[in-house]
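Take a look at the structure below.
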Protein chains: 2
Amino acid sequence: MSSSKVLPRKSAPRESYHHGDLQAALLEAAVNLVRANGPDHLSLRAVAEQVGVSPSAVYHYFPDKDSLISELGDQLFIKMAEMQAVALGSIPGSSARAARMRYRELGRTYFRWANSEPNLFRLMFGGFCKIEKRGTHESEEAFLMLSKCLDDLLATGVITATMRKYGELISWTAVQGASTLIIEGILPEAAFEELLDGLELAMRGGAK
Amino acid sequence: MSSSKVLPRKSAPRESYHHGDLQAALLEAAVNLVRANGPDHLSLRAVAEQVGVSPSAVYHYFPDKDSLISELGDQLFIKMAEMQAVALGSIPGSSARAARMRYRELGRTYFRWANSEPNLFRLMFGGFCKIEKRGTHESEEAFLMLSKCLDDLLATGVITATMRKYGELISWTAVQGASTLIIEGILPEAAFEELLDGLELAMRGGAK
DNA sequence: CCCATAATCTGAACACTATTCAGATACCGA
DNA sequence: TCGGTATCTGAATAGTGTTCAGATTATGGG
């Protein structure tokens with residue numbers, strides 16, 4: 001089953017024998033197929049056909065299918081970190097209010113990504129890509145943004161020093177878990193904003 | 001690649017033509033294969049061969065491969081809920097100390113399951129099983145255990161009424177997220193106990 | 001400019017997969 | 001004992017990942 005939506009071929013049969021930038025084209029086709037059909041149900045042949053190239057051509061750029069998927073995962077981690085950075089940049093200012101908005105928006109960006117592209121989120125965190133260098137690197141970048149955000153909250157007196165210590169850990173894991181539980185249909189979508197309320201309250205030491 | 005460990009055949013070629021309880025045998029074989037090779041990389045034929053039966057026999061019990069996987073997911077949710085119940089039952093008493101131990105043990109059971117069987121955890125929460133009736137039912141059961149646990153914490157004065165309101169949401173999502181992030185190698189294993197410390201602190205309103 | 005060399009891609013093949021279905025087999029009730 | 005039925009097999013179809021010899025095209029040195 002799995003409905004296996006068929007995407008229209010990307011472009012007419014190319015004119016030149018060589019493709020130009022086949023690696024990038026393959027990754028882009030792959031991300032579209034994963035988006036539509038899920039990280040399982042990805043077919044190498046379908047990727048090749050999308051690009052208009054023979055299946056074996058893929059093996060000049062990736063040793064095997066799992067490597068393509070893994071590389072795709074790395075790209076997604078980078079894109080996600082970029083979105084986080086953009087979200088932070090869109091809320092300047094050093095007031096307590098601005099710091100709180102940044103905190104919430106950071107979480108929302110994480111969740112919005114998961115919720116709008118569940119299959120890509122599953123690819124990232126479903127054991128498909130072996131995170132060894134790049135993945136962890138981008139994760140550390142995201143971690144640092146969150147740290148800075150929490151520093152601001154501490155500086156403006158929104159959260160307590162005691163809770164600051166656990167800020168990254170609790171925030172990150174909760175947002176990650178909520179994203180999973182919501183896209184898998186176990187928690188309702190509305191649970192996310194409620195979670196943000198609870199997190200903020202927890203961070204400020206339970207005071208109103 | 002994917003190493004695709006081959007498990008030894010479960011039993012010698014059976015004596016009787018009919019199998020007895022093929023459905024259960026198939027699910028058991030499948031869970032072992034998923035455990036070893038991951039939810040993707042599961043082969044129907046391998047499942048059938050493990051049981052010593054023809055590939056087509058599977059289709060008398062499951063309409064297709066995805067249905068088998070989905071059914072498997074349901075079973076895992078049940079087993080997980082059972083483990084939670086056992087964990088709770090192993091710590092009786094109505095003291096604050098007992099209530100705190102139950103809270104932590106509930107989280108540890110969740111994480112221990114994920115960490116000891118990452119591929120089964122991925123199957124449960126990686127979009128492989130369409131959770132429609134049973135899955136959500138078992139999730140609600142787990143939710144109720146957590147609720148009771150939090151009620152005890154509130155009754156014994158360990159946590160504040162304000163935070164009690166967000167207890168299930170924060171605890172569940174954080175434990176879920178930590179499990180994912182740790183088994184995917186993004187957070188170190190030690191992060192889990194630290195998270196429990198942070199959660200307890202958060203629940204009690206940030207007081208030491 | 002031309003040619004050799006290297007990079008790139010194809011075609012066909014192999015072993016494997018899910019899925020279907022006509023038919024063989026074994027059980028069970030009458 | 002017999003007929004019917006649930007159960008399982010065998011073979012076939014279509015699609016998969018992967019390999020490799022060879023065809024095609026780009027590139028740099030004469």
Side-chain angles (χ1 to χ4, degrees), chain A residues 1-7 9-27 29-30 33-34 36-72 123 128-130, chain B residues 1-7 9-27 29-30 33-34 36-72 128-129:
Chain A
M1 64 90 114
S2 78
S3 74
S4 191
K5 291 170 224 169
V6 176
L7 304 177
R9 197 168 285 91
K10 183 83 192 201
S11 52
R14 67 188 189 286
E15 61 295 345
S16 60
Y17 190 86
H18 286 18
H19 183 280
D21 195 354
L22 186 51
Q23 170 141 6
L26 290 172
L27 284 169
L33 286 168
V34 169
N37 304 330
D40 53 335
H41 304 63
L42 174 68
S43 144
L44 257 200
R45 295 178 111 95
V47 173
E49 195 186 8
Q50 270 270 319
V51 178
V53 95
S54 129
S56 14
V58 179
Y59 289 84
H60 281 259
Y61 298 94
F62 306 97
D64 53 25
K65 179 185 167 183
D66 289 1
S67 299
L68 194 170
I69 294 186
S70 211
E71 180 77 21
L72 193 48
L123 168 49
F128 294 94
C129 45
K130 315 296 162 206
Chain B
M1 61 88 115
S2 80
S3 75
S4 192
K5 291 172 224 168
V6 176
L7 303 177
R9 198 168 285 92
K10 184 83 192 198
S11 54
R14 69 189 188 286
E15 59 295 345
S16 59
Y17 189 86
H18 286 18
H19 182 281
D21 195 354
L22 187 51
Q23 169 141 3
L26 289 172
L27 285 169
L33 287 168
V34 168
N37 305 329
D40 52 337
H41 304 67
L42 174 69
S43 145
L44 257 200
R45 297 180 107 92
V47 173
E49 196 185 7
Q50 271 269 319
V51 178
V53 96
S54 130
S56 13
V58 179
Y59 290 85
H60 280 260
Y61 297 93
F62 306 97
D64 54 26
K65 179 184 168 184
D66 289 1
S67 299
L68 195 169
I69 294 186
S70 211
E71 180 78 21
L72 194 48
F128 293 94
C129 44

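Just so we're on the same page: letters track the sequence lines, and every chain starts at 1.
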(request) Would you mind reading off the distance between Asp40(A) atom CG and dT17(C) atom P, rounded to a whole angstrom? (result) 17 Å
(request) Grab the OH-C1' distance between Tyr59(A) and dT16(D) for me, whole Å please. (result) 9 Å
(message) Nearest whole Å is fine: how far is dA14(D) P from Arg45(A) CZ?
(response) 15 Å
(request) Mind calculating the distance between CG (Asn37(B)) and P (dG17(D)) to the nearest angstrom? (result) 17 Å
(request) Can you tell me the distance, in whole Å, between the CG atom of Leu22(A) and the P atom of dT24(D)? (result) 19 Å
(message) Nearest whole Å is fine: how far is dT19(D) P from Leu44(A) CG?
(response) 11 Å
(request) Calculate the interatomic distance between His60(A) atom NE2 and dC9(C) atom C1'; express it in whole Å. (result) 6 Å
(request) Answer whether the closest heavy-atom distance between the side chains of Leu68(A) and Leu27(A) falls below 4.5 Å. (result) yes
(message) I'd like to check the side chain to side chain contact (heavy atoms under 4.5 Å, CB included) partners of Phe128(A); sequence neighbours left out, ordered by chain and number.
(response) Pro39(A), Ile69(A), Leu123(A), Asp40(B), Phe128(B)
(request) Under the side chain to side chain contact (heavy atoms under 4.5 Å, CB included) rule, collect the residues that match up with Tyr61(B), sequence neighbours excluded. (result) Leu22(B), Gln23(B), Leu26(B)
(request) Identify whether any heavy atom of Phe62(B) sits under 4.0 Å from a base atom; if not, whether one sits that close to sugar-phosphate; answer base, sugar-phosphate or nothing. (result) nothing
(request) Provide the closest heavy-atom pair for Val58(A) versus Ala48(A) in the form atom of the first, atom of the second, distance. (result) CG2-CB, 4.2 Å
(request) Among dT7(D), dG17(D), dT8(C), find the nucleotide with the atom closest to the side chain of Ser43(A). (result) dG17(D)
(request) Identify whether any heavy atom of Ser56(A) sits under 4.0 Å from a base atom; if not, whether one sits that close to sugar-phosphate; answer base, sugar-phosphate or nothing. (result) base
(request) Check whether any side-chain nitrogen or oxygen of Ser54(A) sits under 4.0 Å from OP1 or OP2 of dG11(C), and answer yes or no. (result) no
(request) Would you indicate what Leu68(A) reaches in the nucleic acid, counting non-hydrogen atoms under 4.0 angstrom: base, sugar-phosphate, or nothing? (result) nothing
(message) Could you tell me how far apart Lys65(A) (NZ) and dC16(C) (P) are, to the nearest whole angstrom?
(response) 17 Å
